[in-house]
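Here's the structure, in structure tokens; my notes come after.
Each chain gets a letter, A, B and so on, in the order its sequence line appears, and its residues count up from 1.
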Amino acid sequence: MKSRTAVFVILSVLLLLLAVADLCWGSIAIPLKDILTAFSKKASAGVLGEIVLNYRLPKVLTAIVAGSALSVSGLMMQTLFRNPLAGPDVLGVNAGASLGVAALTMFASTLSGFALGLGSWGLILAAITGALLVLLLVLFVSARIPDLVSLLIVGMMFGNISGAIVSMLQSLSNPDLLKIFVVWTFGSLSGVTWSMMPVLVLLVLTGLIMAYMMQKNMNAMLLGERYARGLGVRLNSMRFTMILSTALLAGSITAFAGPIAFIGITTPHIARGLFKTWDHTILLPAVMLCGSILLIACDLVAQSAIFNNSLPINAVTALVGAPLIIWIILKNNK
Amino acid sequence: MKHLVFCLLAVVMLLSSCGQRRAGQVAFYDENPDSVMTLYYARGFEVSYFSGYTRVQVFNPWADKEVMARYYLYREDNVSLPKDGQAIRIPLNSLAIASCTHVAFLHLLDELELVKGVCNASMVYNPRLKQAIEEGEVADLGDFFQINREKLLHIRPQALMASGRNQYDEQLGAISRAGVPVIYNNEWMEQNLLGRAEWLRFVACFLDKESLADSLFRQTAANYLRLKELAAQAQSPNPVIMSGDNFRGSWYMPGGRNHQAQLFRDAGASYFFENDSTTGSIACSFEQVVRDFNQADIWIGASNARSLSALLALDERYAWFRSVQNKRVYAYQGRLAAGGANDYWESAVAHPDSLLADFIKLFHPELLPGHEWIYINQLQ
């Protein structure tokens, strides 16, 4: 028990350090002195202060929110499907969000000649609409099919259908709009401004509260559905809540930051390895910490001055996440 | 064993030298043409006149001294032509075009009627051509990267004009093998605006209108140089400008040797990267742009929005820029058609003088009081 507390403390300190590092380190060098002025005397901070307070700070917060949300939804999906490779995207909700954005950027342009006047809220609303659409379909199917593997397959098929429609839209649209969509699929933590932050935090908090309310039931579910039912878990309503919570978490992150791969799949494995437990009361806070740390670390790589221009965050998380999963699988098979 | 290795090496070398010759690495002036077209700015092509035919060579912009395509243009059937190029009878009686940038040249030469098919037809701005497309006289050949070959072969134009790309394009190869020669119009790879406009003379070779093209181009060039001199005499201080656009943190700014930067310089503006030696674009992060450009007077080329409020809706942090605070944000949306066609991408190639005039009007309005913007507009 003591060692677990120690790991929590170490991870929290690490998160804090990385968050500060992410504030200090970006594609331009800002002296520590200016960063401190930005926080102490907001008015006199100048343009560098603006960058720290209104560009880097919301980015760090977005990384923490997104890292937590994606990890928790990944953990829930791995528990629900009892499959170590499940992640937030297995339900097809993310693909639905992509479909929404693709449809907006490419269709709206042919209607009005220009999609871009809608602004960033337009993209977010489109992503949420797409995610909701797929979510409703998945919920409809899950109410009819009790078998979880079938649900997994149905979710993946919805994802494929969305992907196919996205390809069709891409081939029909003009290069400028295509670029906007492709850049969106790169993912970005810096797109969330202060005015969007409350909405994002509210959506994610709702999803997290739903997850925390189910932590005991998720433990019961690990024993198998029959045992869980024996322990008094109402399986259908629980499955419904888990799907809804995952969709809320993964869907809102995809809507605000674009697709971010592998964080949701990877962090539950890291957390289980670090804390050596399957207990959700410990794993839930643990994955939130690990996910935030991992995503901030990825952002540090993506924003590092080495590359002059920032790298797509979605590519960095995949480059970090995929080898981690390979390593975990190799280690578990030894 | 040793001998075998030597023999193999010799064979390999022989084969590779044959391959090179086939790829078109030949001396440029191995025969003596009767005369050669004198080019003023363009570097990407060459025209030589022989008795009975004209030889047009397009150089590969990505490889030094390499010929990308060679055309032998003839008027009468009984001329014997060299075999190392594409024979095309001129003047062309029909043509398909793969890019809107070719439209303005054809329009200037009054040969738009030749066009029987276009790629990305919805991107065409020219009203005459647009009407012909709507009436079904001109076929829409689909996306440039996946040209609808059946439609193309159905209308069977005498040639297809396309922009060359930095790799072998199997699609264009197949079209060529099917009997529609591909005319590579590489105007977009010229480093200089007047060089781009001079490709009018290249297009004119295929229409047998060289002298008309020559006089039109010389007029454009003279206009451009006159305007450039005018801008150099400006009394008002040169405004500091920023350019390009941002999407989620990546911002592309024209490099110092880019034709865009040339335009800024010629029109009398001060640009952060003016001493830079990049010919393409410079990718900047949002942070860099805020640091280096937040005091710029004018923001030109904000292409992601149509109004100031829409721009701020994209990202409220644009309000940090002085250009946005002072409402001095401009885009190349002076001529937009429904469906998204933008004349800036179409006819500005052939009219660098008009584009320069637009910029001078923006940077030093007192110099051109009577000029109305053609390609530029101000975000309201």
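- The CG atom of B:Asp315 sits 8.0 Å away from the OG atom of A:Ser190 when rounded to the nearest 0.5 Å.
- When the shell of 6.0 Å around CD of B:Glu135 is examined, it contains more than 12 heavy atoms from other residues, nucleotides or ligands.
- Classification of B:Glu287 and A:Arg56 as a salt-bridged pair holds, one side-chain N sitting under 4.0 Å from a carboxylate O.
- Partners of B:Arg328 according to the side-chain hydrogen bond (donor to acceptor under 3.5 Å, both in side chains) rule, which considers only residues two or more places apart in sequence or in another chain, are B:Tyr330.
- Within 6.0 Å of CD in B:Glu274 there are more than 12 heavy atoms belonging to other residues, nucleotides or ligands.
- Neither the backbone nor the side chain of A:Val52 has a heavy atom closer than 4.5 Å to any heavy atom of chain B.
- For B:Gln146, the part sitting under 4.5 Å from any heavy atom of chain A is the side chain, from C-beta outward, and nothing else.
- A distance of 8.5 Å separates CZ in B:Arg291 from CG in A:Leu48, rounded to the nearest 0.5 Å.
- Around CZ of B:Arg257, the count of heavy atoms belonging to other residues, nucleotides or ligands within 6.0 Å does not exceed 12.
- Here the CH2-CD1 distance, from B:Trp320 to A:Ile51, works out to 6.5 Å after rounding to the nearest 0.5 Å.
- Listed for the B:Arg317 side chain is a donor-acceptor partner under 3.5 Å among the backbone atoms of A:Asn54.
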